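Below, each value reflects all heavy atoms present in this structure, side chains not excepted, and no hydrogens, waters or symmetry copies. Here the structure is a predicted model, which is why all the values come from computation and not from measurement.
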Amino acid sequence: IKETRLRTNLLSSEPLCVSLLVELKLNSDKALQFFNVLYDNYFKSIDNIEFEYNPARRDSRLTGDRSAFDVFVEYTSIAGNKGFIGIEVKYSETLNEGADSVNDILNKQFCNEPRTRRDRYRELSIGLFAETNYGELEQLPAFQIWRDHLLAVSMCKAFSEKYDEGVFLFLAPYSNKNCRDGVEKYRNLLLNPDDVIDSHFCNAWLEEYIETLDKVFDEEWTKDMKKRYLGNYN
């Protein structure tokens, strides 16, 4: 986490995700209430929240790169399942940033194996996407969503003794048309977009998250969040 960026660039996603969820990290009861309001009382407990999280960067069991979740939430469900939500937060981004680096990332060697990261990403995509869609996933705006999604998929495979389930959640403002269109296009590439557990993918809107945060805490700082990020002065 870059502290200078955190304190001086509120339009970037890093300070947004910290402002949004750090109080929940410090208050597990409020965290449980928050996520249960959003997801129909699915959770028995919220066990941990971390920021900029990847349990094993550049590990061959995972995606073999330095991708990380902006926020990582571990939970126990009402059914007793241990799981996680890996969250990517966007605010003013367009999902078209970093176009020049896409091919370089895809063509890098995967760990110490005689294949590329593209090969590994495609391997992890088996059963989630039609092979005919791989080319589209390897381009913007789908590319970054795909990499973070596959990190969650690989964690479920690599750490099955720790997690019974896990999902990647893409969180952005509904009012950000680029993100809204990008995530909808990405969902349509999935073979089973409505099966969150099996696809390991879902998305949510920042507006709902901030409104829910204000309902749960109802404090001056949550009103400031609404003013800053939603332009809501009520």
Chemist: If the threshold is 4.0 Å, N to carboxylate O, is there a salt bridge linking E123 and R115?
Modeler: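 Yes.
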
Chemist: Using salt bridge (Lys or Arg N to Asp or Glu O under 4.0 Å) as the criterion, list what pairs up with K82, not counting sequence neighbours.
Modeler: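 For K82, the residues satisfying salt bridge (Lys or Arg N to Asp or Glu O under 4.0 Å) (neighbours in sequence not counted) are D47.
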
Chemist: Identify, with sequence neighbours excluded, every residue that meets ring-ring contact (aromatic ring centres under 6.0 Å, His included) alongside Y174.
Modeler: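 ring-ring contact (aromatic ring centres under 6.0 Å, His included) check on Y174 returns W205.
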
Chemist: Is the F84-Y75 ring centre distance short of 6.0 angstrom?
Modeler: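 Aromatic pair excluded; centres sit 6.0 Å or further apart.
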
Chemist: Could I get the full list of side-chain contact (heavy atoms from CB on, under 4.5 Å) partners for K30, not counting sequence neighbours?
Modeler: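 Residues passing side-chain contact (heavy atoms from CB on, under 4.5 Å) with K30: L24, N27, Q33, V216, F217.
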
Chemist: List, one per line, each side-chain donor-acceptor pair under 3.5 Å for residues 148-156, sequence neighbours excluded.
Modeler:
residue : atom : partner : partner atom : Å
H149    : ND1  : Y186    : OH           : 2.7
H149    : NE2  : S199    : O            : 2.7
S154    : OG   : L150    : O            : 3.2
S154    : OG   : L151    : O            : 2.8

Chemist: Who passes ring-ring contact (aromatic ring centres under 6.0 Å, His included) against F51, sequence neighbours left out?
Modeler: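 Partners of F51 under the ring-ring contact (aromatic ring centres under 6.0 Å, His included) test: none.
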
Chemist: Run the side-chain hydrogen bond (donor to acceptor under 3.5 Å, both in side chains) test against S60 and tell me which residues pass, sequence neighbours left out.
Modeler: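 For S60 there are no side-chain hydrogen bond (donor to acceptor under 3.5 Å, both in side chains) partners, ignoring immediate neighbours.
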
Chemist: Going by the rule side-chain contact (heavy atoms from CB on, under 4.5 Å), which residues pair with N9 if we only count those two or more places apart in sequence or in a different chain?
Modeler: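 side-chain contact (heavy atoms from CB on, under 4.5 Å) check on N9 returns R5, L11, S12.
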
Chemist: Are L16 and E14 close enough that some pair of their side-chain heavy atoms sits under 4.5 Å apart?
Modeler: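 The answer is no; the side chains never approach within 4.5 Å.
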
Chemist: Can you name the residues that form a side-chain contact (heavy atoms from CB on, under 4.5 Å) with D181, not counting sequence neighbours?
Modeler: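 Once residues adjacent in sequence are excluded, the partners of D181 under the side-chain contact (heavy atoms from CB on, under 4.5 Å) criterion are K177.
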
Chemist: Output all residues satisfying side-chain contact (heavy atoms from CB on, under 4.5 Å) with R66, sequence neighbours left out; order by chain, then residue number.
Modeler: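 Testing R66 for side-chain contact (heavy atoms from CB on, under 4.5 Å), a comparison that skips the adjacent residues, returns R57, R58.
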
Chemist: Can you list the residues that meet the ring-ring contact (aromatic ring centres under 6.0 Å, His included) rule with F110, with sequence neighbours excluded?
Modeler: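 F110 satisfies ring-ring contact (aromatic ring centres under 6.0 Å, His included) with no residue once adjacent residues are dropped.
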
Chemist: Does K223 pair with D218 as a salt bridge, N-O distance under 4.0 Å?
Modeler: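 Yes, K223 and D218 are salt-bridged.
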
Chemist: Who are the ring-ring contact (aromatic ring centres under 6.0 Å, His included) partners of F170, not counting sequence neighbours?
Modeler: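 Here no residue qualifies.
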
Chemist: Under the side-chain hydrogen bond (donor to acceptor under 3.5 Å, both in side chains) rule, collect the residues that match up with R117, sequence neighbours excluded.
Modeler: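 In terms of side-chain hydrogen bond (donor to acceptor under 3.5 Å, both in side chains), with neighbours along the sequence ignored, R117 is linked to no residue.
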
